[in-house]
Amino acid sequence: MHILFNEEPMQCPDNLTLENLLERLRLIKPGIALAINQTIVPREQWETHLLNDGDQILLFQAIAGG
């Protein structure tokens with residue numbers, strides 16, 4: 001299956017959850033948010049949210065500032 005992750009094409013296996021993808025990429029850390037096809041996916045759904053061919057995933061990192 002082909003997806004776009006932060007606008008970069010990527011190939012990954014079928015039946016991959018969002019959490020599995022983040023584990024493979026070593027990106028599970030506090031302060032991140034994800035949108036799939038321009039819709040935010042709550043963290044509690046990452047474990048069960050299956051990716052689909054053509055999904056566009058954007059990762060956002062929270063930045064502290066003042």
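This chain uses plain numbering: 1 for the first residue, then up along the sequence. Values below: all heavy atoms of this structure, side chains included; hydrogens, waters and symmetry mates excluded.
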Name all residues meeting the side-chain contact (heavy atoms from CB on, under 4.5 Å) criterion together with [X]; count only those two or more places apart in sequence or in a different chain, and write none if there are none.
| X | value |
| --- | --- |
| Ala35 | Ile40, Phe60 |
| Gln61 | Lys29, Ile32 |
| Asn37 | Asp55, Gln56 |
| Pro42 | Glu44, Gln45 |

Starting from Val41, can I reach Leu25 by hopping between I/L/V/M/F/W/Y residues whose side chains sit under 4.5 Å apart?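 In one cluster with Leu25: Val41, yes.
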Counting only pairs under 3.5 Å, give me each side-chain donor-acceptor contact of residues 1-9, with atom names and distances, residues two or more places apart or in other chains.
from : atom 1 : to    : atom 2 : distance (Å)
Asn6 : OD1    : Leu59 : N      : 2.8

Exercise. In Å and rounded to the nearest 0.5 Å, what is the CD1 to CE distance from Ile57 to Met10?
Worked result: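 Taking CD1 in Ile57 and CE in Met10, the distance rounds to 8.0 Å.
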* To do: Each residue besides Leu50 in its hydrophobic cluster should be listed here, by chain and number; the cluster joins Ile, Leu, Val, Met, Phe, Trp and Tyr at side-chain heavy-atom distances under 4.5 Å.
  =>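 Same cluster as Leu50: nobody, lone residue.
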**Prompt:** Stepwise, does the side-chain contact (heavy atoms from CB on, under 4.5 Å) test hold for Ile36 with Asn52?
**Reply:** CA-CA 10 Å; Ile36 298 180; Asn52 296 301; over 6 Å; no
Side chains of residues 12-24: which donor-acceptor partners sit under 3.5 Å, not counting sequence neighbours?
from  : atom 1 : to    : atom 2 : distance (Å)
Thr17 : OG1    : Asn20 : N      : 3.0
Thr17 : OG1    : Asn20 : OD1    : 2.8
Asn20 : OD1    : Thr17 : N      : 3.4

